[in-house]
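All remarks here apply to the structure that follows.
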Number of protein chains: 2
Amino acid sequence: MQEPTLLLLTALADAPRHGYALIQEIAAISDGRVKMRTGTLYGALDRLLGQGLIEVAAEEVVDGRARRTYALTDAGRGALATEAERLRAVATEAERRLSVAVVSPRVRGAFA
Amino acid sequence: MQEPTLLLLTALADAPRHGYALIQEIAAISDGRVKMRTGTLYGALDRLLGQGLIEVAAEEVVDGRARRTYALTDAGRGALATEAERLRAVATEAERRLSVAVVSPRVRGAFA
DNA sequence: CGGGATGTGCCGGTCGGCGATATATGTAGT
DNA sequence: ACTACATATATCGCCGACCGGCACATCCCG
């Protein structure tokens, strides 16, 4: 699972949302750094529907505009929890290794 | 940056290693779950060299076999640290949202 | 002498992300 | 009335990363 997909699931984790709201939510989560395009969004949505990680929670017409609301399934919640835990583990390991890195001779000299 | 790439940088974070050793190190990090293929490895290595995140630390011949050892550059260490922090943030947000999720009516009934 | 571990490298397929584009309606400004 | 922007959904083709498979070479063990 790649990051845009993970962000999508994260944006659905606390409450069901429709496509356009997801784009905004992801921008908010990432402090404006990630601007998901509709190409990425609807492709990922289709894929996640096929994988059973999300489902269509509602289809309604608001102000003349169709709106389809998606929600995480139990499987989606599980997948997100697993993925989050795995990523945290990798991040922790990366940081641990950086901190115990073999100090280069040049830098080691600073402690001599 | 994708996960195989992140794993590669992580495997190089504590000490320089050569290609084959990286495959084994990544398997160890992931508890045997990730078996990186050579196609992925050398492709990523080339890319990371081009990006200046890693460098060739040594080229030697051991037991008649050529061995090329790679090491993280300062830029690579920085990129890995940044990436690890970002991933941790996403993982934390995902877990937070899962925990504060709107409880569905069906489940909410269990608390009534 | 065959098989497995060590070691590097290429090639083609596949899949996900991305930019571009299209369509349609509501709202606000001029 | 016209324009522009936000809301909202959807498709298409390109590209880059990943991956499986293959090739090549040496060393060690049975």
Side-chain angles (χ1 to χ4, degrees), chain A residues 1-12 16-30 32-51 53-71 79 83 86 90, chain B residues 1-12 16-28 30 32-51 53-71 79 83 86-87 90:
Chain A
M1 181 185 307
Q2 270 149 274
E3 220 199 301
T5 305
L6 181 74
L7 251 14
L8 254 186
L9 293 182
T10 300
L12 281 176
R17 288 189 170 85
H18 63 281
Y20 194 81
L22 286 170
I23 294 178
Q24 297 170 128
E25 188 68 15
I26 287 174
I29 290 177
S30 68
R33 280 184 295 269
V34 179
K35 297 181 199 307
M36 180 167 289
R37 313 300 169 128
T38 62
T40 304
L41 179 74
Y42 291 103
L45 248 22
D46 280 349
R47 206 182 337 118
L48 291 171
L49 280 173
Q51 292 171 346
L53 299 187
I54 62 173
E55 63 188 353
V56 176
E59 293 202 47
E60 37 183 352
V61 175
V62 178
D63 288 334
R65 281 184 235 105
R67 176 184 292 180
R68 188 170 302 154
T69 302
Y70 302 88
E83 196 69 8
R86 219 170 49 73
V90 174
Chain B
M1 183 185 308
Q2 269 149 275
E3 219 200 304
T5 303
L6 180 75
L7 251 15
L8 253 186
L9 294 183
T10 300
L12 281 176
R17 287 189 172 84
H18 62 280
Y20 194 81
L22 286 170
I23 294 177
Q24 297 171 126
E25 189 68 17
I26 287 174
S30 68
R33 282 185 293 269
V34 178
K35 296 183 202 308
M36 179 166 289
R37 312 301 168 131
T38 63
T40 305
L41 179 73
Y42 292 103
L45 248 22
D46 280 348
R47 206 181 337 116
L48 291 171
L49 280 174
Q51 291 172 347
L53 299 187
I54 63 174
E55 63 189 352
V56 176
E59 293 202 47
E60 37 183 352
V61 175
V62 179
D63 289 334
R65 280 184 235 107
R67 177 184 291 179
R68 188 168 299 156
T69 302
Y70 301 88
E83 195 70 9
R86 220 173 47 76
L87 282 188
V90 173

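A note on names: the letters A, B, ... follow the listed sequences, proteins ahead of strands, and every chain is numbered from 1.
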The side chain of A:Tyr20 lies closest to which of these nucleotides: C:dG17, D:dC18, D:dT7?
D:dT7
Among D:dA10, C:dG17, C:dT8, the nucleotide that comes nearest once only the side chain of B:His18 is considered:
C:dT8
If you pin B:Gln24 and A:Arg47 to their nearest nucleotides in DNA chain C, which one's is more 5'?
B:Gln24
Nucleotide C:dG7, atom C1' - distance to CZ of B:Arg17 in whole Å
16 Å
Which residues in residues 36-46 of chain A have at least one heavy atom lying under 4.0 Å from any atom of DNA chain D?
A:Thr38, A:Gly39, A:Tyr42
Under 4.0 angstrom, heavy atoms only, what part of the nucleic acid is A:Glu59 near: base, sugar-phosphate, or nothing?
nothing
Measuring from A:Asp46:CG to A:Gln51:CD, what's the distance to the nearest 0.5 Å?
11.0 Å
Interatomic distance where CG belongs to A:Leu49 and P belongs to D:dT9 [whole Å]:
13 Å
If only atom types and distance count, is the side chain of A:Thr5 paired as donor or acceptor with the main-chain N or O of A:Met1 below 3.5 Å?
no
Write down the distance between CD (B:Gln2) and C1' (D:dC18), rounded to a whole number of angstrom.
7 Å
Taking C-beta and beyond as the side chain, do B:Ile54 and B:Leu8 meet within less than 4.5 Å on heavy atoms?
no
To the nearest Å, how far apart are A:Glu3 CD and C:dC15 C1'?
18 Å
Sub-4.5 Å side-chain heavy-atom contact between A:Ile23 and A:Leu41
yes
In whole angstroms, how far is the C1' atom of C:dT6 from the CG atom of B:Leu22?
14 Å
Atom CG of B:Asp63 and atom P of D:dC27: how far apart are they, to the nearest Å?
7 Å
Using whole Å, what does the distance between atom P of nucleotide D:dA17 and atom CG of B:Leu7 come to?
17 Å
Could you tell me whether B:Arg86 and A:Glu3 make a salt bridge, using a distance below 4.0 angstrom between a side-chain N and a carboxylate O?
yes
Upstream residue (5' side of DNA chain D) when B:Met1 and A:Gly19 are each assigned their closest nucleotide:
A:Gly19
Grab the CD-P distance between A:Glu25 and D:dT7 for me, whole Å please.
14 Å
Is a salt bridge present between A:Glu25 and A:Arg17, judged by a nitrogen-to-oxygen distance below 4.0 Å?
yes
Considering only heavy side-chain atoms of B:Arg68, the closest of C:dG9, C:dT6, C:dC18 is C:dG9
Any idea which heavy atoms bring A:Tyr20 and A:Tyr42 closest together, and the distance?
N-OH, 4.3 Å
At under 4.0 Å, does any side-chain N or O of A:Arg65 touch on OP1 or OP2 of D:dA6?
no
